[in-house]
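As structure tokens, the structure follows; a few thoughts come after it.
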Amino acid sequence: MDIQQHVLKLREELNQHNYNYYVLDQPTISDYDFDVKLKELQILEAQHPEFDDEQSPTKRVGGTITKNFETVRHEHRMYSLDNSYSKEDVLDWEARVKKVVEGKVQYVCELKYDGASISLTYENGVLSRAVTRGDGVQGDEVTANIRTIRSVPLRLKGDYPPKFDIRGEIVLPFEGFNKMNEERIEIGEEPYRNPRNTASGSLKLQDSTEVAKRPLDCLLYNIIGSNLNIVTQFESLEKARQWGFKVPKTAVLANSIEEVFEFIDYWNVHRHDLPYETDGVVVKINDLHQQDELGYTSKAPRWAIAYKFKAEQVSTRLNEITYQVGRTGAITPVANLEPVELAGTTVKRASLHNADQIERLDIRVGDEVFVEKGGEIIPKIIAVDFSKRLPNSQPTQYIKNCPECGTELLRNEGEVQHYCPNYNGCHPQIVGRIQHFISRKAMDIEGLGGETVALLVKEGLIRDYSDLYALSKDQVIGLERMAEKSSDNLINGIEASKQVPFERVLYAIGIRYVGEVVAKKLANHYKSIENLAKATIIDLVTVDEIGERIAMSVVDFFGLEQNQRILERLKSFGLKLEISAEKLASQTNKLDGKAFVVSGVFESVSRDELKKLIEDNGGRVVGSISTKTNYVIAGDNMGPSKKAKAEQLQIPIISEYEFMSFL
Ligand code: ZN
């Protein structure tokens with residue numbers, strides 16, 4: 001097969017797999033196999049720029065930087081919908097419709113997803129433009145960012161019209177949202193508030209690579225254009241599906257307003273089982289001629305109405321505002337509520353986020369407040385019921401001093417959170433840092449849990465994580481719940497953690513913004529804590545993916561004398577503060593620039609070990625054989641097609657032992 005054909009075939013295959021996975025939710029190959037094919041295509045495209053295609057699935061990873069988003073006019077205005085909050089409202093709407101329209105009326109019921117509205121333009125089957133709603137007349141052009149969303153087709157299938165707009169919603173599923181937040185909390189960042197705002201914020205990120213990393217989804221519901229040859233809304237949804245769009249299957253055709261109410265009642269309960277946030281139902285007249293007859297008011301179509309679900313909301317009393325201090329010193333105000341049932345759980349506390357939020361809501365102790373629970377883990381306070389405010393209530397004074405140690409709080413310019421600067425003396429910061437140090441992804445100390453850490457600090461046995469290594473069995477035995485056996489386990493667990501590799505130690509010491517991935521990058525680049533401690537901001541930002549904020553945080557960390565002292569102690573206890581000698585020794589440039597394909601089963605090493613050896617020595621592991629491959633390392637059961645391909649391209653096939661001789 002010639003190369004161009006091969007490139008086209010790979011693109012088609014990958015597009016189909018993207019479609020299966022992101023639109024149909026029915027993947028037919030493993031992620032690994034997908035990645036291998038994608039890599040192969042990337043390599044071919046790099047070698048053959050003449051076959052470049054903007055619609056290639058490789059372009060999904062982003063790479064475009066947009067400094068200013070251009071404001072453009074919508075060719076067809078993006079109307080909003082009239083909202084209704086009761087079935088009476090819907091019945092009134094039906095009556096208005098029937099005054100204008102004669103004959104039978106059918107309705108399409110669709111779920112209303114809570115995300116960021118988007119209008120996509122397709123010309124000759126290719127996505128040409130994506131624009132946010134804006135004010136409905138004009139919005140921001142965000143095409144580069146939208147292209148990274150896997151469920152947005154870049155090229156359509158079937159008999160699509162030459163030009164049309166399609167509207168929908170960019171949403172962030174709960175699962176992805178919660179995962180993003182867990183990662184943020186882990187490294188000391190403030191969590192995102194809710195999926196909708198995060199989805200909408202994502203569309204305006206300047207770096208499309210960042211957008212590509214977010215698990216966004218695009219759900220479509222409305223086609224607009226002329227000469228589309230479509231007569232009903234329901235048909236348009238089916239067509240859009242055939243062209244490759246993700247159109248929720250929950251939409252139904254209803255023959256009467258009673259059937260509409262059945263749909264509403266069903267989803268009012270079952271919406272909680274959906275992976276996305278929904279806030280209501282949209283009811284549309286099915287027949288497009290009838291839609292035309294009904295037309296628009298100045299703000300909204302007369303042929304559609306949104307029914308809003310009642311939010312899972314309750315009101316309860318705010319008893320007290322307390323303040324939590326995180327391991328990085330950040331202060332989070334917490335509302336302590338009169339316990340109340342909400343969406344099947346008892347709610348006692350809600351996050352108030354920061355001082356601005358308290359001021360915005362004008363929330364005061366003793367107030368009756370409305371609490372809501374979306375897909376987020378922590379419930380939130382929506383508003384105060386001012387009608388029930390006590391006459392003697394006083395505005396909330398945000399604390400000026402740390403509730404734990406009394407130190408005056410600071411707030412940096414541009415940051416929303418107050419923080420306690422008493423790094424060395426503030427109890428929850430001390431405990432939090434040690435708890436982070438021993439956590440699973442960090443030192444993973446067996447036999448030691450978060451509560452025991454708090455106890456050890458309280459008893460004055462440890463003040464920082466280096467003290468753990470000076471603990472003796474005599475000191476811990478006899479502490480609460482510490483018998484002979486558990487004391488042994490604890491001491492042994494601490495001893496064993498001295499073997500944890502450098503990159504995880506670097507993560508464990510808790511430099512703000514240095515998560516697992518960043519720690520690994522820094523460890524590989526600087527090789528030792530000593531080198532890293534000497535690095536300047538200018539030096540740090542040259543490392544792949546390290547930005548100024550992380551760089552400043554690293555420099556600040558090592559600038560503290562206390563940290564230098566703790567690190568000295570860790571070193572004296574024998575922790576790994578540099579890349580291991582074997583790893584360092586195994587790292588050479590011997591294979592610099594060489595690309596290897598690994599295939600089959602090996603006798604002396606595992607495939608992963610072999611790949612690591614290649615990378616440690618400056619080589620590259622690629623997924624499939626091309627003219628740019630230097631060697632194929634073959635084990636038992638090498639695939640026959642790979643073998644044929646290597647022979648055809650005259651690429652040397654070597655054994656694992658021949659490979660070892662290179663090193
Ligand atoms: Zn404090």
Side-chain angles (χ1 to χ4, degrees), residues 181 184-191 318-336 348-359 363 365 378 395-439 442-443 448-468 507-515 549-550 552-567 569-570:
N181 267 351
R184 283 177 73 86
I185 291 166
E186 181 92 17
I187 58 168
E189 298 257 26
E190 207 195 342
L318 172 65
N319 288 329
E320 192 191 5
I321 297 173
T322 52
Y323 298 85
Q324 283 179 349
V325 186
R327 77 169 160 92
T328 57
I331 307 290
T332 311
V334 178
N336 293 265
K348 295 180 205 140
R349 289 144 59 90
S351 172
L352 288 169
H353 302 293
N354 52 52
D356 290 350
Q357 177 77 350
I358 291 176
E359 207 181 303
I363 192 166
V365 169
I378 313 157
T396 298
Q397 297 292 326
Y398 202 81
I399 50 167
K400 294 202 162 45
N401 297 83
C402 176
E404 300 282 344
C405 71
T407 306
E408 197 174 330
L409 299 180
L410 299 178
R411 186 184 199 174
N412 289 335
E413 183 130 1
E415 284 186 12
V416 289
Q417 226 76 2
H418 285 74
Y419 74 97
C420 166
N422 186 7
Y423 189 80
N424 296 330
C426 187
H427 186 77
Q429 294 189 53
I430 294 167
V431 173
R433 279 197 299 268
I434 305 172
Q435 286 173 337
H436 170 78
F437 183 81
I438 65 155
S439 64
M443 302 305 279
L448 180 57
E451 279 176 36
T452 309
V453 166
L455 185 64
L456 291 169
V457 174
K458 188 171 145 236
E459 294 291 329
L461 292 173
I462 54 173
R463 284 197 58 77
D464 62 62
Y465 39 70
S466 71
D467 292 335
L468 286 171
Y507 168 65
I509 60 176
I511 305 171
R512 194 173 190 192
Y513 307 131
V514 175
R549 199 181 53 144
I550 296 173
M552 278 165 66
S553 170
V554 169
V555 169
D556 283 352
F557 181 90
F558 289 106
L560 274 182
E561 205 193 305
Q562 145 136 13
N563 287 333
Q564 294 286 4
R565 192 179 55 74
I566 293 172
L567 291 172
R569 286 191 82 202
L570 291 181

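Atoms within a ligand are numbered from 1 in the order they appear, just like the ligands themselves. On a predicted model such as this, the values are computed, not experimentally measured, just so you know.
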| R327 vs Q429, side-chain contact (heavy atoms from CB on, under 4.5 Å): CA-CA, chis, key distance, verdict | CA-CA 4 Å; R327 77 169 160 92; Q429 294 189 53; 5.8 Å; no
| task | For the Zn ion (ligand 1), check which protein N, O or S atoms are under 2.8 Å away and list them. | result |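 Within the sphere that stays under 2.8 Å of the Zn ion (ligand 1), the protein atoms of type N, O or S are C402 SG, C405 SG, C420 SG, C426 SG.
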| said: For a side-chain contact (heavy atoms from CB on, under 4.5 Å) check, start with the C-alpha distance between I331 and L409, then their side-chain angles and the critical distance, and finish with the verdict. | reply: CA-CA 9 Å; I331 307 290; L409 299 180; 3.8 Å; yes
Under 3.5 Å, sequence neighbours excluded: what are the donor-acceptor pairs made by side chains of residues 556-567?
residue: Q562; atom: OE1; partner: N424; partner atom: ND2; Å: 2.9
residue: Q562; atom: NE2; partner: N424; partner atom: OD1; Å: 3.1
residue: N563; atom: OD1; partner: Y423; partner atom: OH; Å: 3.2
residue: N563; atom: ND2; partner: Y423; partner atom: OH; Å: 3.4
residue: N563; atom: ND2; partner: F557; partner atom: O; Å: 2.9
residue: Q564; atom: NE2; partner: F558; partner atom: O; Å: 2.8

| request: Can you establish whether the number of heavy atoms outside R463 located under 6.0 Å from its atom CZ is more than 12? | output: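 Not buried by this count: 12 neighbours or fewer within 6.0 Å.
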| query | Parallel, tilted or perpendicular: which describes the rings of Y465 and F437, with under 30° parallel and over 60° perpendicular? | reply |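 Correct class here is parallel.
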| said: Quick check for you: to the nearest 0.5 Å, what is the distance between L461 atom CG and L468 atom CG? | reply: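 CG of L468 is found 10.5 Å from CG of L461.
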